[in-house]
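Residue numbers start from 1 in every chain, and the chains themselves are labelled A, B, ... in the order their sequence lines are given, proteins ahead of strands. Because the structure is a prediction, the values reported are computed rather than measured.
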There are 2 protein chains.
Amino acid sequence: MNEVAVIGVGMTRFGKDPNSTVRAMSEAAVRDALADAAVEPENVQAAFFSNAIAGLITGQEMIRGQAALRNTGVLGVPMFNVENACASGSSAFHLACMAVSSGMYDVVLAVGAEKMTHEDKTRSFGAIGTAMDLEQLAEQQVASHQGRSPFMDLYAQRALDYMERTGATVSTFADVAVKNHAHGVHNPHAQYRLRVTREEVLSSREIVPPLRLLMCSPIGDGAAAAVVCSRRFIERRRSEKPVWVRASVVLSGRDRQPEEPTVIERAAAAAYEIAGLGPEDLDVAELHDAAAPAELITYEDLRLCEAGEGPRLLASGHTALGGRLPVNPSGGLLSKGHPIGATGLAQIAELVWQLRGEADRRQVDGALVALAQNTGGFLGSDSAVTSIHILAA
Amino acid sequence: MNEVAVIGVGMTRFGKDPNSTVRAMSEAAVRDALADAAVEPENVQAAFFSNAIAGLITGQEMIRGQAALRNTGVLGVPMFNVENACASGSSAFHLACMAVSSGMYDVVLAVGAEKMTHEDKTRSFGAIGTAMDLEQLAEQQVASHQGRSPFMDLYAQRALDYMERTGATVSTFADVAVKNHAHGVHNPHAQYRLRVTREEVLSSREIVPPLRLLMCSPIGDGAAAAVVCSRRFIERRRSEKPVWVRASVVLSGRDRQPEEPTVIERAAAAAYEIAGLGPEDLDVAELHDAAAPAELITYEDLRLCEAGEGPRLLASGHTALGGRLPVNPSGGLLSKGHPIGATGLAQIAELVWQLRGEADRRQVDGALVALAQNTGGFLGSDSAVTSIHILAA
C-alpha cells in the first residue's frame, strides 16, 4: 500500500440557502480545494462524488457527480458517485485514498455536496429517512414520522439507554451543545455562530424526549472537497504542508447482540491498529454529533475514556478548546451543520486546517495527530456505516 | 498494481417480475457467485453495490447495499453504494478490482441489482431520465417525455446521424436485433428468448423514428454479482479457472467537438494500452446495445472495423455466433434485458462463462480474450460514463 496525503481542502459555508444548487456549491468547494493544493483541474486523475438525497430533493440521480462537476474542468477522468448515508463524504474520501494507494493514480479529488432545504420540509425529513432499511421498518411496522428526522427517534432511544447506564442527565446532553456551539462561534464556515447557554438548550423546543432542538444537528446545504495524492506527487511538486492519512477505515454495520462491539468500536480498533496509534496519541478529533448524546457515546466507543465515563470526560473540560483533546473544534454537526453528503469531507477539511495550524481562533495548539469519525444510517440494532480516519501532520 | 482475477459469478434470470425485490434478487445473485467461487460469506472482505433508480422506484436510498445484502452474511465489512447510470454495475466491478489491486483486500464482492418495473410505467421512464443532467436539460428547454425512455430520443438522433454517415438503413438496425435475439434464445438468463425476423422488427411498434420497439432494450428486473480476488488468494486456495482482469477502465464523458474522440474511444484506447492487446486479439465481446444502432457505432469506437464499416461488419456475419468475433452472445441488452444497476456485472458474468467454456449452446469456441463495454447517461454531447474491461482465461 502506497502512502497517501491530503494537499488541499475547501468547503462552502454551511447553511440554509434557498438559491444554492448542488452544482454551484460543488464548484466553490472544488475551486478552493484545488487552489489550496496548487493543483490545476487537468492534474486531477480521478474523482469521487458523494451525495445522499439529491434524487429525492432535486430529482437528479445516477450521474450526480458528472452534473455537479461539469464546469470544473475535471470531467473526462474516472468519476464515481458514492452513497453511504451520513457517511457518504468519508466514503468518497476513503475511496480516493484507496485509488491513490493502489498506485493507479497520483492525484484524486473527493467532493461531497448536499442540498437539503426544500420548501416542503416534510420532503427533507422523508429523504433523510431513506438511510434506514425501509423494508425492515415496514416489517416492524414502524410508523413514518412527520415534521422531524426519523433519526431523532433513534437517537432519543440511545440517549435514554445511555442515561440509564451512565447517570447522564438531560443537562449533560445540553452541555455537549453548549461546548460545540462555543467552538462554532470561531468557525466562518459554520451554519450557526451563536453561543448558547445550558438553559437556552434545555428550554429550546422538544423534538423527542430527552432531545431538544439545540441538541439536534440542523437541516442545511453545503459542499466540501479534498485533494488526495501520492508521496511521489508531493516529492515532484515539493508540496508544502502535506497531511498524511495514517488510517482510513470504512465498515458497514450489522445486527448485533448487546455484548458485541458496535460498528464504531470495530472501526476505531481497526484504525488504531493500522496507524500504530492509540486514543492517547490524539490531539484533536471531529466526531459525528448528529445529536448531542452521540458525542458522549462515541467518546467511549473510541476509548477516549472508560465505559460510563463520558459525562465525566465532558465535565472535565478536556474535550473543549483549551483542553487535552478538543472534540469538534469546528462546532461539530450541531453548530457547523450537517449537509449529509458533505459532512465527512468537512470533518477532513477542519482537521487538515488544524494540523497545519491554520484554524485561527479555534486552533488546537501543537496538534500533530487527528481523528475523524463519520457515521451513517441505521440497520437493525446498529448504524449502517462508520468511517474512522486518522491524519497526521 | 497487483493482479486481479474473477473466481465466481452469478445472476438472476432478467425479466419483469412484479413480486421481485432488490433484496431477494441480490441474495440470489450473491449466493450463486459465492458458490461458484467456492467462497464463504465470511471470506468476503469488502463489497461494492450498484443500483441506479431504487430511490425513485422503491424509495430506498443511501444504504441500498446494506439493505439488499443484510441476510447474505457479508454485512460488517467495508461496503460502498455506487451509482454511474447504466454503467453502475461495471463501476462497482472496477472499484472491486481497484480494492484488490491496492493490496488492501484479497476477496471483494461486486453486486448490482435493479427493480425497474412499477405499476405506473411513467415512473420507470421518469427514473431512467435522471441519468441526464436535469439542470442542463432544463436550460435547453428539452421537453420531458411520456411513455418512453428519454434515452430513445437521443439514440434515435445518433441513429439518424449514423445512417447519413455510413449508408446504414433501418434494416441494418433491425439486423442487429435479429442477431442478438438469435443469441438470446440460448441464454437461460435472458428476459426474451425468441427468435425474430427482420420483418418482425421492422413492423414492431414505432418508438422514435427510426427506432422500433424490438430495436430498444426492455424495462426489466434483475441482479448479478462477481467475486474478485488477488493472485495470492488464488494460489492459497488453488482456485480453478480464474479469469484474469487484464484492463479495467472507467471514464466520464464531457462536452466534445465532433472531431474529438468519444468517451468510448478514449476508454477503449486506454484499455488496449493497459492490456497490451488490440481489437485483433479479441475472441468475444459484450457491448452496450441499449438500442440497436449503438452496437454498430461501438464497433467503430472499439476499432473492430474502420470508420463507416459497421454495417459491413455486421453483414459479414463475423459478429454473430460462429463468426470471427461474436458480439453479444448473451443476447445483449436487447434480448437478455437491461436492469440498469445489474447490466455491467451481467456482461462480466457472461464473459467469465465464455472464457471458461461454460456457455453451452452460445459458447464461442476457444475464447481466450474478451471485452465488455458498458456505457451510461448523457452529458452535453457525449455519454456521461463508459467502462471497458478486458478479461483473459
Side-chain angles (χ1 to χ4, degrees), chain A residues 1-2 21 23 47 52-53 55-56 58-67 69-70 74-86 88 91 94-95 98-99 101-104 127-128 130-136 249-255 263 266 340 376-380 384-385, chain B residues 1-2 21 23 47 52-53 55-56 58-67 69-70 74-86 88 91 94-95 98-99 101-104 126-127 130-136 249-255 263 266 340 376-380 384-385:
Chain A
M1 223 185 103
N2 301 306
T21 65
R23 181 171 64 76
I53 59 172
L56 301 173
T58 72
Q60 184 70 59
E61 294 265 10
M62 298 220 251
I63 57 160
R64 301 178 219 176
Q66 288 93 328
L69 304 181
R70 70 177 151 99
V74 305
L75 235 57
V77 300
M79 191 172 291
F80 303 91
N81 299 289
V82 181
E83 218 172 307
N84 239 343
C86 299
S88 295
S91 293
H94 171 80
L95 292 175
M98 182 188 288
S101 77
S102 78
M104 291 169 76
I128 297 170
T130 66
M132 302 179 185
D133 182 336
L134 301 189
E135 194 183 88
Q136 204 171 46
V249 173
V250 177
L251 292 179
S252 59
R254 60 183 168 208
D255 261 316
V263 63
R266 288 193 294 120
I340 307 179
F378 277 101
L379 196 82
V385 51
Chain B
M1 221 187 104
N2 301 303
T21 65
R23 180 171 64 77
I53 60 171
L56 302 173
T58 72
Q60 183 71 59
E61 293 265 10
M62 297 221 251
I63 58 160
R64 300 180 221 176
Q66 287 94 327
L69 304 181
R70 70 177 150 99
V74 304
L75 236 58
V77 300
M79 190 172 292
F80 303 91
N81 299 290
V82 181
E83 219 171 306
N84 238 341
C86 298
S88 295
S91 292
H94 172 81
L95 293 175
M98 181 189 287
S101 78
S102 77
M104 291 170 76
T130 65
M132 301 177 186
D133 183 335
L134 301 189
E135 194 184 89
Q136 206 170 46
V249 172
V250 177
L251 292 179
S252 58
R254 60 182 168 209
D255 262 315
V263 63
R266 289 193 292 119
I340 309 176
F378 278 100
L379 195 82
V385 51

Main chain of Gln60(B), side chain of Thr130(A): is a donor-acceptor contact present, judged purely on distance under 3.5 Å?
no

Highest number of heavy-atom pairs under 4.5 Å with chain A: which of [options]?
{"options": "Arg23(B), Arg70(B), Arg64(B)", "answer": "Arg70(B)"}
{"options": "Gly76(B), Pro78(B), Ala384(B)", "answer": "Gly76(B)"}
{"options": "Ser252(B), Ala131(B), Ala99(B)", "answer": "Ser252(B)"}
{"options": "His94(B), Met79(B), Glu61(B)", "answer": "Glu61(B)"}

Gly253(A), Gly377(A), Gly55(A), Gly380(A): which one forms the most heavy-atom pairs within less than 4.5 Å of chain B?
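Greatest number of close heavy-atom pairs with chain B: Gly253(A).
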
Under a 4.5 Å cutoff for heavy-atom pairs, which residue among Ala127(A), Ala67(A), Gly376(A) has the most contacts with chain B?
Ala67(A)

Looking only at non-hydrogen atoms, find the nearest pair between Ile63(B) and Leu379(A) and report the distance.
CD1-CD1, 4.0 Å

Identify which part of [X] has an atom lying under 4.5 Å from any heavy atom of chain B, answering side chain, backbone, both or neither.
{"X": "Thr58(A)", "result": "backbone"}
{"X": "Ala47(A)", "result": "neither"}
{"X": "Val263(A)", "result": "neither"}
{"X": "Leu251(A)", "result": "both"}
{"X": "Ser88(A)", "result": "neither"}

Rounded to the nearest 0.5 Å, the CE atom of Met62(A) sits from the SG atom of Cys86(B) at a distance of 6.0 Å

Among Val74(A), Val77(A), Leu69(A), Leu75(A), exactly one meets side-chain contact (heavy atoms from CB on, under 4.5 Å) together with Arg254(B). Which residue is that?
Leu75(A)

